[in-house]
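In what follows, a single structure is set out as structure tokens and then discussed.
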There are 2 protein chains.
Amino acid sequence: MTDRTTPTTDKGAETRARILETALRLFLERGYDGTTMRAVAREAGVSVGNAYYYFASKEHLIQAFYLRTHEEHLAACEEPLRTARGFEARLLAVMDAKLTTIEPYHRFSGVLFKTAADPASPLNPFSAESLPTRRESTALFARVLEGSRVDTSSELWSELPNLLWVYHMGVVLFWLHDRSPERRRTRQLVAHTVPLIVRIVQLGNLPLLRTLTRRATRFLRELRETSGVDAGAVEPSGAD
Amino acid sequence: MTDRTTPTTDKGAETRARILETALRLFLERGYDGTTMRAVAREAGVSVGNAYYYFASKEHLIQAFYLRTHEEHLAACEEPLRTARGFEARLLAVMDAKLTTIEPYHRFSGVLFKTAADPASPLNPFSAESLPTRRESTALFARVLEGSRVDTSSELWSELPNLLWVYHMGVVLFWLHDRSPERRRTRQLVAHTVPLIVRIVQLGNLPLLRTLTRRATRFLRELRETSGVDAGAVEPSGAD
DNA sequence: CGGCAGAATTGAACGCGTTCAAAGAGAGTA
DNA sequence: TACTCTCTTTGAACGCGTTCAATTCTGCCG
């Protein structure tokens, strides 16, 4: 959860929202380190203690960002996933939407990732706390496949949504370190790697590579199942 | 660099070493957050200000850890790389050495990675500040290839050391989140992925896959060259 | 109306990482 | 010895995130 206390009164909910909006605004204006909890409280018209009544820490305010971009990304994918046909076009659309969605937050994304990378942080993408979000993301990639003409008999089929999620995390990692204007290099990375992925998935069905694919798939499943934070194999038909 | 000031006198060098050793000991005893700069200074018999004279920040003390494990890893690879033959055996040996080397630091590795993940941090593996270390690592993987019987005519040849370095970073990332006893899951990951990598490299030379390999290689090189922090293509013969 | 329980709010205080003006120590020079 | 320059060391002070005992607000019951 993002907050320590879910407000029970309307007034409380309003205070909480005011603190959150102020924090997000200041983060964008001054960056994470440049924003103090005292400043957030002052500009929101409350005391510091009150901010901590609704948010357990400064990091938890950042988490609100993460959730916001995630939801924006889901929304931005709706239209392309309804219209686009073919694996490549659909994957490209989803990745493009991701980069467009997170672009405004690049300047302080370092802090976001910094806390997200900490295995103990609730922001960590592998943590139990962010499991719902991860499930939604994985389901998104399942939908990418669903509308594609990818051979569903492939051994890789059931593991592909998870693999694509990992790929997408890798792209975000690259994006974080991308200092080129308008994140052109990340755009290039996507433009080059998406067709590559499409080709590899196709090739995975060749008789020559069957054994390799099977071994890889079996290991991936085992890895997922022995993990404490399994997002599950996402069957396109079962995804919501 | 790890320090702000390189001591010019013997006494200064001694003080610096005492602070560093105390810090590393306390980090292991109490963890990163449990260790205060005041405690480090007290136990080292100096003032807080003095600690900051030699180390720009608490994070810079952590960087000493990183450098230490890196050097331990290089040393641990010497013997296997002299004796082991074949791509698979050599890569396995290097990865095994890595996991063994970093194991003692797993309990506070979260903090290490947390700061390392920040693009602005000097600890960041992609930063200019850690370029020398990255070069050494990449050269290590070049040596893995050097003693192997991998077809050097492969388009992939010159990019492989960099790719293996990225693979090795991925394994470390996995390791950070691995809560299994003795990091068994990471060991499994290596045991399964190393043979997979060997196979893929071999397959990359098949006529059928030539085009794919060439496209991938060209993009990798371009990516590396347009990057501000290029570790360079490491030719095995030129590696030291 | 009075009283009360729980939610909401306060702000002083704590411990932390970090800074900096000032003082000390030591070596070279006249 | 006295002066000076640079390297080293000091510790009080600053601003930060965070905590918590105390207070105020709010709706509800008798």
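Keep in mind that the numbers below use all heavy atoms, side chains included, and drop hydrogens, waters and symmetry copies. Just so we're on the same page: letters track the sequence lines, and every chain starts at 1.
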- NZ/NE/NH1/NH2 to OD/OE distance under 4.0 Å, Glu182(A) and Arg187(A): no
- Query: Can you check the Met37(B) CE to dG11(D) P distance for me, whole Å?
  - Reply: 16 Å
- Electrostatic pair Arg90(B)-Glu146(B), nearest N-O below 4.0 angstrom: no
- How long is the line joining CZ of Arg30(B) and C1' of dC16(C), in whole Å? 14 Å
- Task: Send over the distance from Tyr52(A) OH to dC14(C) P, rounded to a whole Å.
- Result: 17 Å
- Note on the structure: Closest to the side chain of Tyr53(A), out of dT18(C), dT9(C), dT8(D), is dT9(C)
- Task: May I have the distance from Arg42(B) (atom CZ) to dG15(C) (atom P), rounded to whole angstrom?
- Result: 12 Å
- Task: Flag the pair Arg68(B) and Glu21(B) as a salt bridge only when some basic side-chain nitrogen lies within less than 4.0 angstrom of an acidic carboxylate oxygen.
- Result: yes
- Sorted by position of nearest nucleotide on DNA chain D, 5' first, the leading residue of Ala13(B) and Gly49(B) is Ala13(B)
- In terms of the nearest nucleotide of DNA chain D, which residue is placed more toward the 5' end: Asn50(A) or Ser47(B)? Ser47(B)
- Message: Should the side chain of Arg38(B) and the base of dG17(C) be counted as holding a donor-acceptor pair, with the cut-off at 3.5 Å?
- Response: yes
- Query: Taking atom P of dG17(C) as reference, at what distance in whole Å does atom OH of Tyr54(B) sit?
  - Reply: 21 Å
- Could you please name the option among dG17(D), dT10(D), dA12(D) that lies closest to any side-chain atom of Val48(B)? dA12(D)
- Task: Send over the distance from His60(A) NE2 to dT19(D) C1', rounded to a whole Å.
- Result: 16 Å
- Would you indicate which nucleotide in dA7(C), dT9(D), dG17(D) comes nearest to any side-chain atom of Lys11(B)? dT9(D)
- Rounded to the nearest angstrom, tell me the gap between atom CG in Asp33(B) and atom P in dT18(D). 11 Å
- Cation-pi check, Lys58(A) onto Tyr32(A) ring (under 6.0 Å, within 45° of axis): yes
- Query: Among dT26(D), dG17(D), dT9(D), which is the nearest nucleotide to the side chain of Thr15(B)?
  - Reply: dT9(D)
- Item | Rounded distance in Å - CG (Asp10(A)) to C1' (dG27(D)) | 13 Å
- Aromatic ring centroids of Phe55(B) and His60(B) under 6.0 Å? no
